[in-house]
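Computation of the quantities below employed the complete heavy-atom set of this structure, encompassing side-chain atoms and omitting hydrogens, waters and symmetry-equivalent molecules. Predicted model only: the values in this text are computed from it and were never measured.
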Number of protein chains: 2
Amino acid sequence: MKTEKISELTTNRLSIYLRCLNELEASGVETVSSQAMADQFNLNSAQIRKDLAYFGEFGVRGVGYYVEELRLHLMKILGLTETRRVAIIGLGNLGMALANYQGFNQGDFEIVALFDDDPAKIGVRTRSGMEIQGAQNIGEIIESEGIEIVIIAVPATAAERVLEQVTEAGVRAVLNFAPVHLNPRPGVKVKNVDLTISLESLSYFLANPSDEALNVHYREFLRQEASNNGALG
Amino acid sequence: MKTEKISELTTNRLSIYLRCLNELEASGVETVSSQAMADQFNLNSAQIRKDLAYFGEFGVRGVGYYVEELRLHLMKILGLTETRRVAIIGLGNLGMALANYQGFNQGDFEIVALFDDDPAKIGVRTRSGMEIQGAQNIGEIIESEGIEIVIIAVPATAAERVLEQVTEAGVRAVLNFAPVHLNPRPGVKVKNVDLTISLESLSYFLANPSDEALNVHYREFLRQEASNNGALG
DNA sequence: AATTGTGAATTCCTTCACAGCC
DNA sequence: GGCTGTGAAGGAATTCACAATT
């Protein structure tokens with residue numbers, strides 16, 4: 001167990017390990033070695049061991065890791081022991097889709113509020129019956145609903161203002177879909193999902209077939225996950 | 001101009017530079033130095049210069065870069081001189097949203113076909129009037145429509161099979177929203193958008209406030225973009 | 001015998017700093 | 001004088017390889 005600063009590349013991989021362990025547990029596997037996991041899921045065994053070792057000594061030499069136990073450790077480390085309450089701001093196509101997205105609404109994240117400043121949208125309900133509220137109440141509802149994560153799905157020009165507003169209300173974690181860089185205050189984490197960059201990256205690949213950027217494994221994947229925070233947009 | 005292999009971190013940054021240049025051009029700026037761009041958009045000037053230098057000598061010493069000219073160079077490098085034709089497979093909430101998403105339908109990427117294997121969805125039209133087609137025709141329509149990029153928005157369990165199918169039809173670039181790792185054949189590029197990892201990363205941050213993972217700049221952001229390819233899921 | 005946890009080696013990426021050019 | 005392009009330095013992440021442990 002170290003005290004070093006832990007890279008976001010490492011914590012992103014924890015999510016992947018958790019997903020692997022969920023699969024293994026569903027298959028009835030009780031223990032797994034880092035090598036077996038690496039083989040099955042295209043990972044590097046030393047990296048798995050090193051990543052886990054930042055947080056404790058979870059393995060047993062000669063045996064491997066107990067699947068159920070490690071799974072619970074990872075849930076704990078990732079803060080997934082209680083459901084996180086989420087709000088979506090901006091109910092255009094993307095925001096609406098996210099509001100209905102099953103991946104969110106079953107499990108560790110629960111969408112509990114929807115906001116938009118378009119009067120035509122206020123009062124509209126999603127398929128699941130949740131009502132879109134006006135933007136003027138964001139602050140108080142975030143506090144009263146105990147919202148910890150905000151998803152920004154507004155146009156690029158409005159994103160910075162929305163970040164300001166939710167930061168003011170005490171939100172410290174933001175998932176930003178607007179294709180723009182946001183400068184969060186210290187202590188606030190913004191994670192970006194930038195579809196433009198993803199698509200242009202594919203376009204680059206098509207335009208430059210000689211760059212055999214194929215079969216990239218976790219490295220490349222997680223780098224992008226990690227950089228979806230950072231900076232500009 | 002080098003012949004080195006170019007990292008995906010570099011090409012992802014090209015997208016960001018392009019976005020900056022679009023803004024600068026819209027503001028009427030005609031030339032810009034790497035330092036000025038770095039200051040304005042939270043970048044590192046040496047990195048901008050180095051990234052650009054992989055592709056040519058676009059700058060003028062003592063002056064900087066001509067905004068319009070560099071913009072065109074980047075469009076060319078990123079393969080954005082012609083509209084890329086895109087299909088979406090899987091018209092659940094997410095797929096439907098992407099089908100209606102304005103960011104795609106104006107500009108460099110055009111959605112030209114929608115597929116789903118749910119009989120209840122076949123024949124349904126999006127807001128813009130595009131009709132969802134059955135999955136059995138994917139191969140021939142991909143070829144006849146000249147589709148170069150496929151967006152996978154099916155459940156995790158179906159994603160690998162869909163990848164196989166579109167690869168067979170000649171598609172070499174895939175944007176995968178299913179939370180699962182896909183193993184593309186050599187020469188095929190898969191870019192992942194994994195909302196689970198993004199959200200769990202925010203949850204980790206909330207659970208571990210001491211890790212001041214704040215104010216990460218391009219490094220972190222682009223790593224995640226880069227890693228959205230790689231491996232498992 | 002098998003597998004972890006980890007220092008050392010390696011590879012990859014970023015930043016510095018300056019020669020070269022406009 | 002100002003700025004690019006780039007070699008060299010520095011820093012970070014990954015992988016190797018093995019001592020420690022069950």
Side-chain angles (χ1 to χ4, degrees), chain A residues 1-14 16-17 30-39 42-67 69-70 73 213 216-227 230-231, chain B residues 1-14 16-17 30-39 42-67 69-70 73 213 216-227 230-231:
Chain A
M1 183 92 174
K2 319 297 180 41
T3 48
E4 299 176 46
K5 206 173 113 274
I6 287 155
S7 149
E8 184 153 359
L9 276 66
T10 292
T11 62
N12 286 337
R13 282 190 295 262
L14 297 185
I16 290 167
Y17 304 153
E30 296 200 344
T31 67
V32 69
S33 70
S34 58
Q35 189 58 58
M37 259 182 84
D39 292 347
N42 267 297
L43 305 166
N44 177 290
S45 67
Q47 187 156 69
I48 296 174
R49 295 197 298 278
K50 191 155 267 202
D51 285 339
L52 296 176
Y54 285 121
F55 299 95
E57 303 211 352
F58 302 137
V60 181
R61 284 158 207 246
V63 177
Y65 301 87
Y66 291 99
V67 171
E69 185 194 311
L70 183 55
H73 275 302
V216 229
H217 283 293
Y218 271 124
R219 188 182 325 177
E220 283 303 313
F221 172 58
L222 290 171
R223 295 226 160 149
Q224 307 205 332
E225 264 309 301
S227 55
Chain B
M1 182 95 173
K2 319 298 179 44
T3 48
E4 298 176 49
K5 208 176 110 273
I6 287 155
S7 150
E8 184 153 358
L9 276 67
T10 293
T11 63
N12 285 338
R13 281 191 294 263
L14 298 185
I16 290 168
Y17 304 152
E30 297 199 343
T31 68
V32 69
S33 71
S34 59
Q35 188 58 60
M37 257 181 84
D39 292 346
N42 267 297
L43 306 166
N44 176 290
S45 67
Q47 187 156 70
I48 296 174
R49 294 197 299 278
K50 189 153 269 200
D51 286 339
L52 296 176
Y54 286 120
F55 298 94
E57 304 212 352
F58 302 136
V60 181
R61 286 159 208 245
V63 177
Y65 300 88
Y66 291 99
V67 171
E69 185 193 311
L70 183 56
H73 276 301
V216 228
H217 282 293
Y218 271 124
R219 188 183 326 178
E220 284 302 313
F221 172 59
L222 290 172
R223 297 228 156 146
Q224 308 204 329
E225 265 307 303
S227 55

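Considering only side-chain N and O atoms, A/Asn44 lies under 4.0 angstrom from the phosphate OP1 or OP2 of D/dT15. The side chain of B/Tyr65 places an N or O atom within less than 4.0 Å of a non-bridging phosphate oxygen (OP1 or OP2) of D/dG5. Look at A/Arg13 and you'll find a side-chain N or O under 4.0 angstrom from OP1 or OP2 of D/dT14.
For A/Tyr66 and D/dT22, the OH to P distance is 12 Å, given to the nearest whole Å. A straight line from CG of A/Leu52 to P of C/dT3 spans 16 Å, rounded to a whole angstrom. The CG-P distance, from B/Asp39 to D/dG2, rounds to 15 Å in whole Å. If you take CZ of A/Phe55 and P of C/dG5, they are 13 Å apart, rounded to a whole angstrom. Residue B/Asn12 contributes atom CG, which lies 14 Å from atom C1' of C/dC13 at whole-angstrom precision. Distance OH (B/Tyr54) to C1' (D/dT4): 15 Å, rounded to an integer number of Å. In this structure, the CD atom of B/Gln47 is 15 Å from the P atom of D/dT4, given to the nearest Å. Straight-line distance from the CD atom of B/Glu69 to the P atom of D/dT4: 13 Å, rounded to whole Å.
For the residue pair A/Asp39/A/Gln35, the side-chain donor-acceptor check at 3.5 Å is satisfied.
Within 6.0 Å of the OH atom in A/Tyr66, the count of heavy atoms belonging to other residues, nucleotides or ligands does not exceed 12.
Picking from D/dT4, C/dC13, D/dA20 the nucleotide with the shortest atom distance to the side chain of B/Arg61 gives D/dT4. Comparing C/dC18, D/dA17, D/dT15 against the side chain of A/Arg49 picks out D/dA17 as the nearest. Comparing D/dA8, C/dC13, D/dT15 by their closest approach to the side chain of B/Ser7 singles out C/dC13. Here D/dT4 is the nucleotide among D/dC16, D/dT4, C/dC13 with the atom lying nearest to any side-chain atom of B/Ser34.
Separation of atoms OG (B/Ser34) and OH (B/Tyr65) is listed at 5.5 Å; rounding is to 0.5 Å.
Not a single donor-acceptor pair, N or O on each side, falls under 3.5 Å between the base of D/dT14 and the side chain of A/Lys50.
Contact record, B/Ser45 with B/Ala38: N-CB, 3.6 Å, taken as the closest heavy-atom pair. When all heavy atoms are compared, the tightest approach of A/Phe58 to A/Leu52 is CE1-O, 3.7 Å.
Summary of the strand contacts: A/Ser33 and B/Asp51 both lie near DNA chain C, and taking for each the nucleotide with the nearest heavy atom, the more 5' one is attributed to A/Ser33.
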